[in-house]
Amino acid sequence: MHLSHQADNLRTDELLINMGPQHPSTHGVLRIIITTDGEIVKAAHPEIGYLHRCKEKHSENVDWMAVAPFVDRMDYLASMNNSMGYAIAVEKLMGVEVPRRAEYIRVIISELQRIASHQMAFGTYGLDIGAFTPFMHAFRDREKILDIFEAISGARLLYNYMWIGGTYRDITPEIVKQIKEYCAYFAGQISQYNELLSYNKIFVERTANVGIMDRELCWSYGLTGPMLRGAGMKWDLRKDEPYSIYSEVDFDVPVGKGEMGTLGDSWDRYMVRMREMEESLKIVNQLIDGIPDGPHRGRVAKKIRVPKGEVFSRTECPRGELGFYIISDGSEIPYRIKVKSPCFLNISTLDEVTRGLMVADLVATVGSLDIVLGEVDR
Amino acid sequence: MTVQDLYEKLKAKFPAHIVELSETKPDPYIKVEAAGILEVVQSLRDEFEFQTVANLGGIDYIEEKQFAVFYHLFSYTHKVVVALKVFLPREDGVSVPSVASVYKAANWLERETYDMYGIRFEGHPDMRRILCPEDWEGYPLRKDYKTPDYYRGIPVPLYFEGDSSAGGGH
């Protein structure tokens with residue numbers, strides 16, 4: 001009697017937890033306001049904008065070539081892919097052809113960048129789940145790609161390498177050799193990554209059946225890239241709407257199959273990235289021996305005038321489809337550049353996907369989105 | 001299916017809402033009346049199999065004294081992007097129906113458009129700023145936006161004036 005009377009007076013309450021903006025598992029300056037009921041997430045509201053630099057506004061004030069470095073700084077873990085996307089969009093608008101040699105270099109470099117970006121995703125995801133060692137392996141191997149990029153462009157993170165009409169510099173036989181050596185070395189590393197993390201029992205338990213996103217959810221939220229492929233849909237712009245020379249190379253599009261749990265869970269998304277590294281390696285190996293001779297940059301003036309018009313062009317970046325909607329009024333500076341950022345939409349799903357999960361699973365889900373806040377906020 | 005085919009089908013279905021197909025190169029867009037945008041987008045998803053929204057945002061046509069909101073919808077079935085554009089008078093407090101009830105992606109994209117241009121979306125579940133702080137004044141991507149000198153007593157760095165010492169004032 002006494003006990004039940006006490007139980008009646010007990011009150012449960014929701015607790016508001018603030019995660020970030022400085023937090024090791026938010027992958028940058030992301031703040032998530034979590035309403036919890038015990039250990040259960042009742043709502044999770046991402047607050048973004050801490051890294052907002054209004055790149056789109058900057059772009060309206062500088063000439064066409066000067067936009068490329070801004071684009072690099074959006075997704076700073078995949079700068080090469082980003083600036084390649086921008087260059088392709090402007091080239092479409094201008095109607096210029098890129099020399100074959102430049103196309104080869106671009107694809108090789110952007111696939112290496114994809115590997116470097118996925119290595120980062122792999123390492124930090126392990127870190128989120130509590131596995132520290134994979135991070136060291138990933139960074140050791142990523143370092144070697146950065147060395148190659150430093151040799152070709154002079155920079156280690158923000159390269160300004162993909163220019164409109166081609167590339168900033170040519171690649172030399174020494175760099176080709178360096179890339180070949182790297183490919184031979186890295187081919188053996190992926191299986192080690194898988195042994196270390198992918199099939200680790202604890203890792204699988206933490207990620208399988210967590211943060212499930214099905215195909216319809218991906219469509220409604222406009223998710224692309226590893227999110228959509230993780231949900232089992234075989235869709236890759238490199239394959240389905242090939243740009244550059246992707247139609248000439250042979251590679252597979254890995255998709256999630258629900259091997260460890262439900263289709264579209266965090267493990268599936270993670271595994272798509274692991275398998276994409278192998279495919280990227282395949283692409284680089286196919287192209288590296290056949291780089292044709294010729295110029296590495298087409299006949300494009302330093303000061304560009306782009307004809308009046310508008311274009312919406314998308315390319316497959318490590319985090320999904322990066323789109324550029326560009327309006328030109330025929331002058332030396334862009335009139336409007338709207339960047340369709342894949343991460344912006346990826347993180348917008350968080351509330352719906354994590355509702356009802358444990359707080360620890362929210363961390364596992366955020367990690368599986370592989371967001372880069374520089375691109376979310378632009 | 002090409003954009004031209006789609007335009008003709010839409011024109012037949014919504015004669016009052018669909019205005020014209022633009023001549024812009026290389027990508028044309030379909031001009032839609034603001035009042036009919038929700039109906040058109042709903043029909044594109046349900047009947048024409050445009051499963052996803054690839055992009056959404058605003059444009060400031062200051063010379064024409066107009067704002068525009070554009071919608072790039074993508075169909076995995078037809079492998080085509082269709083661009084819709086709605087033109088609005090260039091005034092404060094102007095609004096357009098929200099499509100967040102059709103595509104969930106529109107929720108954040110419309111918030112971003114509001115944040116940058118001050119265009120409001122009627123029927124949006126959560127019409128707040130998203131990238132700028134909630135007490136930010138003005139709409140940064142408007143062509144006539146002036147960067148303020150101070151934000152709550154904090155000097156705002158200017159990047160396009162003076163010498164090359166960007167980020168001055170610190």
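Letters go in sequence order (proteins before strands), and every chain restarts at 1.
Proximity to chain B (any heavy atom under 4.5 Å) is restricted, for A:E241, to the side chain, taken from C-beta onward. For A:I48, the parts lying near chain B are the backbone and the side chain together; criterion is any non-hydrogen pair under 4.5 Å. Only the backbone of B:D60 has a heavy atom closer than 4.5 Å to any heavy atom of chain A. No part of A:E216 comes within reach of chain B, as not one of its non-hydrogen atoms sits under 4.5 angstrom from that chain. Looking at A:K92, the atoms closer than 4.5 Å to chain B (heavy atoms on both sides) all sit in the backbone: N, CA, C or O. Contact annotation for A:I327: only side-chain heavy atoms (C-beta onward) come within less than 4.5 Å of a heavy atom of chain B. In this structure, chain B has heavy atoms under 4.5 Å from both the backbone and the side chain of A:I347. A:S313 does not touch chain B: none of its heavy atoms, backbone or side chain, sits under 4.5 Å away. The parts of B:K79 that come within reach of chain A are both its backbone and its side chain, each placing non-hydrogen atoms under 4.5 angstrom from that chain. The contact between A:Y335 and chain B is made by backbone and side chain atoms together, counting heavy-atom distances below 4.5 Å. Using a 4.5 Å cut-off between heavy atoms, A:D240 touches chain B through backbone and side chain atoms alike.
Judged by the 6.0 Å and 45° rule, A:R314 forms a cation-pi pair with B:F74.
Atom CD of A:E321 is separated from atom OG1 of B:T52 by 8.5 Å, given to the nearest 0.5 angstrom. Taking CE of B:M116 as the reference point, atom NZ of A:K57 lies at 10.5 Å (rounded to 0.5 Å). If you take OG1 on A:T349 and CG on B:N107, they are separated by 12.0 Å, rounding to the nearest 0.5 Å. Of the inter-residue distances, the one linking A:H45 atom NE2 with B:D126 atom CG reads 8.0 Å to the nearest 0.5 angstrom.
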Could you walk me through whether B:K85 and A:E310 pass the side chain to side chain contact (heavy atoms under 4.5 Å, CB included) test, one step at a time?
-> CA-CA 12 Å; B:K85 225 183 243 189; A:E310 52 185 75; 3.0 Å; yes

For side chain to side chain contact (heavy atoms under 4.5 Å, CB included), just list the numbers for A:K338 and B:E112, CA-CA rounded to whole Å, side-chain angles, deciding distance to a tenth of an Å, and then say yes or no.
-> CA-CA 11 Å; A:K338 165 79 176 123; B:E112 190 193 336; 3.3 Å; yes

B:L109 and A:F344: CA distance, side-chain angles, deciding distance, side chain to side chain contact (heavy atoms under 4.5 Å, CB included) verdict = CA-CA 9 Å; B:L109 290 167; A:F344 183 80; 3.8 Å; yes

Given side chain to side chain contact (heavy atoms under 4.5 Å, CB included), test B:H72 with A:K340 step by step and report yes or no.
-> CA-CA 10 Å; B:H72 286 115; A:K340 183 259 170 174; over 6 Å; no

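The only member of B:F50, B:Y103, B:Y76 that meets ring pair (Phe, Tyr, Trp, His ring centres under 6.0 Å) when paired with A:W219 is B:Y76.
Within the 4.5 Å cutoff, side-chain heavy atoms of A:P46 are placed close to those of B:W108.
Checked by atom type and distance alone, the side chain of A:R336 pairs as donor or acceptor with a backbone atom of B:G58 at under 3.5 Å. Not one N or O on the side chain of A:K308 forms a donor-acceptor pair closer than 3.5 Å with the backbone of B:T24.
Contacts with chain A were tallied for B:V102, B:L141, B:V53; B:L141 has the most, counting heavy-atom pairs under 4.5 Å. Of all the listed residues (A:L51, A:T224, A:D329, A:L345), the one sharing the greatest number of non-hydrogen pairs under 4.5 Å with chain B is A:L345.
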